[in-house]
Amino acid sequence: MAILSSVSFSCSNISLKPSLPNNSPSSRSHCLLRCSQEGKEVVSPLVWSLGEEVSKRSLLALVSASLFFVDPALAFKGGGPYGQGVTRGQDLSGKDFSGQTLIRQDFKTSILRQANFKGAKLLGASFFDADLTGADLSETDLRGADFSLANVTKVNLTNANLEGATATGNTSFKGSNITGADFTDVPLRDDQREYLCKIADGVNATTGNATKDTLLCN
């Protein structure tokens, strides 16, 4: 049985090629194992000396069994480059993400009503077309986050740092608490900026910037 080293990889496209004629008394079968290791494709031959009575199907079963016993720590856990959990297009209402590091996490089109993100690091996270109604985003690091088309109504943004975040399209902050929030370099529609300036108050505890100044209210 092949021994697999503890290197993160994935394998597919197993093919069998006999290296000797079928009538050879001692046939040798070559199994080409096509793997992807750190983004590079590697083709590795696995060779067994088998009797004529061993069929290709049996050999495939042997290879499958060897792959089955790979260290569980190497198993794919999902989430792609955005973390261990799949958070895109999910109903995550009321979930607790407080204090977590969720840099570049993908929450696109997810339902995040009343979700708790208090104190989370969400740099570059995507909330594109997500529903954040009533969510707690207080004291979060939202620099470079994407709120395009998102519903950000009745959200707690107290002392949140949204520097460089994107809020294009129909993004709405209606009814949200923005006390101490930093909106530096956030592109806003004129009607949204006008609305936020009416309720803006406080100074961001991290950046030291007054919310009204970051909204260019004056």
Side-chain angles (χ1 to χ4, degrees), residues 76-189 191-193 195-217:
F76 177 69
K77 296 181 179 179
Y82 300 101
Q84 298 300 329
V86 178
T87 54
R88 178 175 180 171
Q90 304 294 311
D91 186 348
L92 301 169
S93 299
K95 294 293 184 181
D96 186 3
F97 297 99
S98 59
Q100 295 187 30
T101 298
L102 299 164
I103 296 173
R104 297 183 63 241
Q105 191 77 17
D106 190 357
F107 292 100
K108 291 186 184 77
T109 69
S110 288
I111 301 173
L112 296 158
R113 290 170 173 261
Q114 287 81 47
N116 182 10
F117 289 96
K118 184 174 182 177
K121 295 181 180 179
L122 292 155
L123 289 82
S126 178
F127 294 99
F128 179 88
D129 200 23
D131 185 355
L132 287 153
T133 303
D136 186 353
L137 291 169
S138 61
E139 302 174 16
T140 50
D141 190 342
L142 289 160
R143 288 175 293 171
D146 185 4
F147 289 99
S148 299
L149 303 178
N151 185 353
V152 200
T153 58
K154 300 180 181 179
V155 170
N156 184 0
L157 286 166
T158 303
N159 279 318
N161 185 0
L162 295 93
E163 182 178 354
T166 303
T168 58
N170 294 323
T171 303
S172 174
F173 292 94
K174 188 174 182 179
S176 293
N177 183 349
I178 63 168
T179 302
D182 191 329
F183 286 88
T184 300
D185 296 328
V186 177
L188 295 164
R189 301 193 316 272
D191 62 315
Q192 280 294 307
R193 189 182 304 280
Y195 169 76
L196 291 174
C197 282
K198 291 178 180 179
I199 62 173
D201 190 22
V203 175
N204 187 274
T206 301
T207 66
N209 296 325
T211 300
K212 283 191 176 183
D213 291 342
T214 63
L215 285 167
L216 305 177
C217 296

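Values reported hereafter were calculated over all heavy atoms of this structure, with side chains retained and with hydrogens, waters and symmetry mates removed. Note that the structure is predicted; figures quoted are calculated from it, not measured.
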Would you give the length of the straight line joining atom CD1 of Ile103 to atom CG of Leu122, rounded to the nearest 0.5 angstrom?
-> 9.0 Å
With sequence neighbours left out, write down each residue that passes side-chain contact (heavy atoms from CB on, under 4.5 Å) with Ala205, or none if nothing qualifies.
-> Asn159
Using distance alone, with no hydrogens and no angle criterion, decide if Ser148 and Thr168 have a side-chain donor and acceptor under 3.5 Å apart.
-> yes
Inter- and intrachain pairs under salt bridge (charged side-chain N to carboxylate O under 4.0 Å, His left out), touching residues 167-189, at least two apart | Arg189-Asp191
Ser98 meets the side chain to side chain donor-acceptor pair (under 3.5 Å) criterion, sequence neighbours left out, with Asp96
For Ser93, check side chain to side chain donor-acceptor pair (under 3.5 Å) against everything at least two apart and list the hits.
-> Asp91
About how many Å separate SG of Cys217 and CZ of Arg193, when rounded to the nearest 0.5 Å?
-> 8.0 Å
How far apart are the closest heavy atoms of Leu142 and Ala165, and which atoms are they?
-> O-CB, 3.9 Å
Sorted by chain and number, sequence neighbours left out, salt bridge (Lys or Arg N to Asp or Glu O under 4.0 Å) with Asp141 holds for Arg143
Is there any salt bridge (charged side-chain N to carboxylate O under 4.0 Å, His left out) pair reaching into residues 145-167, and which pairs are they, with sequence neighbours excluded?
-> none
Under 3.5 Å: donor-acceptor pair, side chain of Ser126, backbone of Asp106 = no
Is there a side-chain contact between Leu215 and Leu188, using heavy atoms and a 4.5 Å cut-off?
-> yes
Could you name each residue pair satisfying ring pair (Phe, Tyr, Trp, His ring centres under 6.0 Å) that touches residues 121-146, not counting sequence neighbours?
-> Phe107-Phe127, Phe117-Phe127, Phe127-Phe147
Among all residues two or more places apart in sequence or in another chain, which pass the side chain to side chain donor-acceptor pair (under 3.5 Å) test with Thr109?
-> none
Between atom CG of Asn161 and atom OG1 of Thr140, what is the distance when rounded to the nearest 0.5 Å?
-> 8.5 Å
Which residues share a side-chain contact (heavy atoms from CB on, under 4.5 Å) with Ile199, sequence neighbours left out = Ile178, Tyr195, Leu196
With sequence neighbours excluded, residues passing side-chain contact (heavy atoms from CB on, under 4.5 Å) with Gln100 | Phe97, Leu102
Closest non-hydrogen atoms of Phe183 and Leu157, given as atom of the first, atom of the second and distance, are CZ-CD1, 4.5 Å
Give a yes or no on whether the backbone of Thr87 and the side-chain of Ser110 come within a donor-acceptor separation of less than 3.5 Å.
-> yes
Would you check if the side chain of Asn204 reaches a backbone N or O of Thr211 as a donor-acceptor pair within less than 3.5 Å?
-> no
Atom pair CG (Leu132) and CG (Leu137), whose distance is rounded to the nearest 0.5 Å = 6.0 Å
Please, which pairs that meet salt bridge (charged side-chain N to carboxylate O under 4.0 Å, His left out) have at least one residue in residues 131-140, sequence neighbours excluded?
-> Arg113-Asp131
CG of Leu123 to CD of Gln105, rounded to nearest 0.5 Å, is 12.5 Å
Determine, step by step, whether Gln192 and Ser172 satisfy the side chain to side chain contact (heavy atoms under 4.5 Å, CB included) criterion, reporting the C-alpha distance in whole Å, the side-chain angles of both residues, the deciding distance to 0.1 Å, and the verdict.
-> CA-CA 7 Å; Gln192 280 294 307; Ser172 174; 4.2 Å; yes
Nearest 0.5 Å please: distance from the OG1 atom of Thr207 over to the CG atom of Leu162.
-> 10.5 Å
Partner residues of Thr166 under the side chain to side chain donor-acceptor pair (under 3.5 Å) criterion, sequence neighbours left out | none
Shortest non-hydrogen separation from Ala115 to Leu92 and the atoms involved = CB-O, 4.1 Å
Would you confirm whether Ser176, through its side chain, and Val155, through its main-chain N or O, come within 3.5 Å as a donor-acceptor pair?
-> yes
